[in-house]
Structures are given as C-alpha cells and as structure tokens.
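Take a look at the structure set out below.
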Amino acid sequence: MSDAADITRLSARSIGAAYTAAAPMLAVSSAAGVIYLAHPGTWPGVWAWLALAPLIVLTLTQPVWRWAFTRVDLSADGLRVRTGFVHRRDRQFRWQEIVAVDARQSWALRLWRVHEISLAQSGDERTRVHLEGVSDEGRALVLQAFARAQAVNDASFRASRSTTEVLDPDSIIYRSTVPELLVASLVYGQFALLGTSAVFASWDLLEAAGMAAALGQGFAQHPLSVAVLLATSVMLIGLALTVVRFARFEVRSNAEGRLTIRYGVVSTHTRQIDTSAVAGIVLHRNLIETALGRVRLSLLTNDSAATLGTNLILPSLRHAVVDEILRTSFPTFDPVGPSRWGSRWSVAGRVLALVLTLSSAPLMWQATIAAGWPPIVASASAACTLTLAWVGGRFFCGRLRVDPAARVVELTTTHVVQRRRVLAIDAVHVMSSVAFLRRPALVAVAYVAGTPRILRSARFEPSTIRDIESALTHSARC
Amino acid sequence: MTRSPGDVPSPPAHFPELQHLAPGALCYLNVRDGVSSALLGLALAVALVFVPDPGVRIQLWMILGGLVILSLLVELPWLNRVTVRTTSYAVTEDYVYLARGLLWRRTSTIPTKRVLNVQIAQGPLLRAFGLVCVQLMSVVDLDKVGPLTPAAAERLRDTVLAGAGRSSV
C-alpha cells in the first residue's frame with residue numbers, strides 16, 4: 001500500500017518495479033521491431049508491429065492503470081479491494097476468512113522495495129486477490145492482521161477441543177489378510193497394472209543383458225506357450241507385488257475421531273484423516289466384485305483430490321463386513337434406497353449394459369463405412385460413439401435420493417460399474433436444479449472433496465429437490 | 001417489485017418473497033443486446049469481405065443481416081422481457097435462492113456460510129444506467145444476479161456477509 005501506510009493506494013513505486021521487470025522484454029521487442037522496420041524483407045516485416053505495438057503499449061500503460069484504479073482499505077476487521085475503471089470490481093475479505101497470504105518479492109520488486117501479496121479464501125482462483133506494489137509497511141500490516149486473526153481462530157479451535165477426554169488407544173477398524181489382498185488385486189485388476197509394469201521392466205533388463213533376442217526367437221517358434229507364460233508371469237508378479245505393497249494394511253481410529261491408514265513393509269505409507277473432515281462415502285463394485293459378493297468403501301474428504309476424488313481405505317470386502325464398518329464407524333452414511341446392495345442377479349442387467357455400450361462402437365463403424373466415410377473418420381466416430389454411450393449410460397443410470405431424517409444425499413449409479421455416493425447434507429455447498437416446462441429435469445449437488453465436485457442426476461423424485469432445499473436452509477439456520 | 005413464486009420447482013415454504021431485477025433492467029438488456037448484436041454483425045460482415053466470390057459474399061451479407069434483425073426481433077421485444085420477469089432471488093442471513101428462466105428454469109440454493117465472497121461489478125453500460133451486477137463466489141460457478149440497483153446490491157451483500165457471524169468490512 002502507500003508509503004504512509006494509511007492505505008488507500010498501492011505504492012507508486014510499483015510502476016517503477018513493473019517497468020524494471022518488463023525492461024528486458026521491452027528491449028527485445030523494441031529491437032525486434034526496429035530490425036523488422038530496417039529490413040522489411042525479413043518475415044513478417046513491418047506487419048510484426050501489429051503484434052509488437054499493442055504489446056509495448058499494454059506493458060507501458062498497465063502498471064499506471066493498475067496503480068491509478070486500485071483502492072485498498074485495510075482495517076482491523078478485514079480488507080476491501082476496489083479495482084478497475086471501465087469494469088469496476090468491489091470485494092471485501094474478513095481476516096478470519098483468509099486461509100493463506102503469500103508475499104513475494106522478485107528482483108525488480110526488491111529494487112523498488114515493494115511486494116506482491118496474494119490473499120486466498122480458498123484454493124479457487126476466483127477467491128484470490130493479488131496486490132502488486134505493496135510497500136514494506138503495508139506488507140507488515142497485512143501479515144500482522146492475518147496472523148492476529150489466525151491466532152484467534154486457533155484459540156477458538158483449541159477451546160472447542162479442550163473438553164476432549166483422555167484418548168483411548170487406537171482401535172482397529174480393519175486389518176487385511178494375505179488372501180484378502182490377493183482377492184482385491186484380482187478384482188481391481190491391480191495385478192495387471194503392477195504385473196505389466198514389472199514385466200516391462202524385466203524385459204528392459206533382459207534386453208540390456210542381451211537375452212531379448214533369444215526370447216524373441218522362442219516366441220516365434222512357440223507363440224502360444226510364450227503368451228501363456230507371459231500372462232501367467234504378469235498375474236503372479238502382480239499378485240506378489242500387491243501383497244508386498246499393501247502388506248499389513250490396517251485402518252485404526254481413536255477417540256478424537258481421527259482415522260489412520262497404514263500399509264507397506266518395504267515402503268511404509270501412513271495417512272491420517274480427521275473424520276470430521278469426511279464429507280461422505282463411496283461404495284463401489286465392478287462386475288467381478290458383484291459376482292463375488294464384495295464391495296469397496298472409500299471416503300470423501302477435503303483432500304480427496306490426491307487420490308482421484310476419494311481416499312481409498314478398504315479393499316474389496318464382503319457386504320456384511322462393510323455393513324458392520326459403516327454401522328460402527330460411519331453410521332451417518334448408512335445408504336438409503338429400497339434395495340441396499342441388490343441381488344447378484346442384477347449382474348445380468350449390468351452385463352447387458354456392457355454389451356450394449358461396447359456394441360455401439362462397431363455398429364457406428366459399420367454404418368459410417370457403409371456410408372462411404374474414410375476409415376479414419378469412421379474410427380473416430382466409433383470412438384466418440386463409445387464414449388458417449390458410456391458417459392450417457394452412466395448418467396441416465398444414476399438416481400438421486402435424499403434422506404431428510406439422516407440428512408444425507410445419495411447418488412446410486414447402476415451401470416457396468418455400480419457406485420453409491422453418500423454425502424452429508426452439511427457438506428453440500430450448492431444445490432441447483434433445472435426444470436423444463438415446469439417438470440424437474442435435472443438436479444445437481446456441489447460439494448468439495450479436494451476439488452469442487454458435482455453429483456448430477458436426471459432421475460429423482462420431485463420431492464427430492466424440496467427436501468434438499470429444506471435441509472440446506474435448515475442446516476444454515478443451525 | 002416482488003412477486004410470489006409460481007414456477008416449479010418452488011422454494012421452500014419459509015422462503016421470503018422473491019426479489020426481482022431493477023426497474024431499468026429491461027432497458028439495459030435491450031441496449032446491451034442491441035449493441036453486442038450490432039458489433040458482432042459488423043465483425044462478421046468485415047470478415048465476409050474476404051470471401052472471393054462477390055455473389056456469394058452478397059448472399060452471405062444478406063443472410064447475416066437477416067439473422068441479426070431476427071435475433072433482435074426475438075430478443076428485444078420478447079426474450080429480454082421473459083428474462084426480466086423470470087429472474088428472481090431471495091436472500092436471508094442463512095441462504096440465498098436464485099432462479100431464472102422460463103422454458104428451462106434454473107434454480108440454485110446456497111447456504112450463506114458456503115458463499116466465499118460477494119463481488120459487485122459495474123461495466124460502462126451498467127454505469128450509464130446506474131445499475132450493478134452481483135457475483136456470488138462459491139466452489140462452483142453461479143449465475144450473476146443483476147442488473148440491480150446499487151442499494152439492492154449492497155443489501156444483498158450485507159445480508160450474505162452477515163450470515164454465519166460475518167459482517168461487512
């Protein structure tokens with residue numbers, strides 16, 4: 001902010017800092033422009049100024065414009081930032097809402113003794129504000145105010161947890177056995193992933209040792225045997241690596257509600273999750289798991305982005321085991337719905353969905369070839385058709401339900417892969433709906449699991465929208 | 001100007017009366033769409049100058065002109081009126097409810113504790129009409145609310161920020 005630190009404008013030295021930082025680029029651009037003028041035969045000649053001129057003008061005017069039309073009002077409560085002249089923006093931030101303050105100083109900023117400060121309310125870029133050209137005094141004020149607010153937040157948090165009783169030792173929710181890891185590896189296809197990688201790595205070693213040629217000769221003479229040998233190797237190595245990688249897989253909880261996931265022997269991985277940060281659960285089973293009567297349980301937490309939207313905590317387990325875990329550790333997320341898991345005969349419907357989806361690609365290919373399209377276009381059409389069939393099938397096979405009493409929302413998708421996402425109403429950030437000619441057509445529920453995510457469904461009871469709205473507004477008042 | 005909600009899906013019974021856009025919103029939308037259609041049409045017309053065949057060029061210009069006029073005839077007398085009539089919002093310290101559209105009616109319900117920030121924006125055309133737009137910041141993109149009068153926008157912002165113990169800076 002200004003040197004006097006009564007803080008309404010950015011420091012005027014920010015203009016000098018911006019020009020200093022841009023000096024190399026301006027010099028190069030100007031030199032290039034002069035060369036193109038002096039040698040018009042060099043492509044693109046004088047036409048290069050169509051790009052260079054706006055760039056130079058923008059670089060020279062932007063720092064002045066930013067300084068002239070940025071107002072910052074800093075108080076003990078928060079920060080108000082007003083920017084722009086043609087398009088004006090006005091935003092306010094309370095210090096308690098700021099989650100991070102970044103202060104940077106490049107070489108140019110250091111020469112002019114100003115800083116660049118970014119304040120974030122969340123990880124989303126839309127909730128960040130950047131202030132370029134903050135003086136030393138302004139930076140100190142911002143950091144002090146932020147630190148003061150954080151101290152208040154921490155004290156409140158500690159006060160809220162001070163009534164916690166003496167911790168009980170961790171209790172084990174689940175501990176895997178070797179047979180369970182082997183089954184999990186098979187149903188996930190983990191063996192294929194790990195095994196194939198290991199086989200390729202082994203092939204590299206054999207090539208380095210000069211043995212690849214001999215194996216190639218063997219394959220030419222006995223292709224079937226070698227193929228069976230390779231497939232068996234992939235499976236066995238994959239299973240073994242799964243057991244080693246996830247050995248001693250266990251999940252523990254303590255009285256404070258913190259979950260600890262630990263696995264591995266050679267390389268140990270430990271992950272702690274605060275159950276209060278658990279927004280929901282995901283129950284997931286593919287065709288093989290359905291036939292075996294098993295299901296996978298994952299958690300939706302704030303940092304779920306690290307693992308593609310979930311924290312995977314348990315490998316495939318029998319339904320009864322998962323039911324017991326949910327009942328004891330996550331009773332809030334007891335799945336709703338008329339048939340909790342469905343019978344194993346529902347596999348027939350899902351196999352049919354798989355057949356229909358997969359058959360769409362060759363049918364499209366056949367139709368486009370018959371219409372005289374080039375093979376490459378026909379292939380692209382077939383691929384697009386397959387993608388649309390898969391995505392569309394999954395979307396229209398999803399049904400959204402809500403249990404107002406339990407305050408959870410559940411999206412069940414029964415396609416080739418069956419998935420149930422159960423989300424606490426309190427974790428919902430936004431609920432949106434679309435109605436066509438007064439008939440509800442689409443509902444979307446937004447939540448955060450690492451990154452913003454949305455549950456969408458075109459199949460739901462009309463009362464679902466009203467129930468979610470009522471639950472949201474009721475939770476807002478609590 | 002307030003109206004009771006009458007479209008499906010309707011807000012919960014305890015919602016306050018819905019608020020609508022500013023009185024000058026229709027005029028603003030008409031001017032905005034007229035100017036943007038004219039500019040877009042002009043840009044496309046200039047691009048069509050590079051069509052080599054004069055006959056095709058003239059035909060394309062005529063089609064372009066017809067499309068621009070048709071869009072204006074649809075937007076200005078009808079579509080913008082529908083937009084103004086069907087866009088509404090309700091805000092309390094606990095939640096915000098947004099609704100817009102006639103054939104495809106979109107609604108959003110956001111607890112105020114989930115609103116990350118409230119931004120008031122005003123471009124040159126809005127400034128000419130003395131109006132502003134309000135953008136609620138959330139984890140997902142939300143429709144802008146507006147055009148509103150500055151007083152209504154300030155009330156909306158103050159009410160949202162007052163939710164969950166927050167207040168204006």
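Quick note on labels: first sequence line is chain A, next is B, and so on, each numbered from 1.
Residue with the most contacts toward chain B among A/Arg82, A/Arg88, A/His87: A/Arg88 (heavy-atom pairs, distance under 4.5 Å). When A/Leu437, A/Leu442, A/Val86, A/Val443 are compared by the number of non-hydrogen pairs under 4.5 Å with chain B, A/Val86 comes out ahead. Your options are B/Leu103, B/Ile110, B/Leu98, B/Val132, and the one with the most heavy-atom pairs under 4.5 Å with chain A is B/Leu103.
Heavy atoms only, all atoms of each residue included: B/Leu116 and B/Val139 are closest at CD1-N, 4.3 Å.
The contact between A/Val428 and chain B is made entirely by backbone atoms, counting heavy-atom distances below 4.5 Å. Only the side chain of A/Ile454 comes within contact range of chain B, with heavy atoms under 4.5 Å apart.
A/Ser432 and B/Ser108 are linked by a side-chain donor-acceptor pair at a separation below 3.5 angstrom, with hydrogens and angles left out of the test. In summary, the side chains of A/Glu469 and B/Thr109 do present a donor paired with an acceptor at a separation below 3.5 Å, with no hydrogens or angles considered.
Atom CZ of A/Arg91 and atom CZ of B/Arg157 lie 11.0 Å apart (nearest 0.5 Å).
Salt bridge status for A/Arg421 with A/Glu410: absent, with no side-chain N to carboxylate O gap under 4.0 Å.
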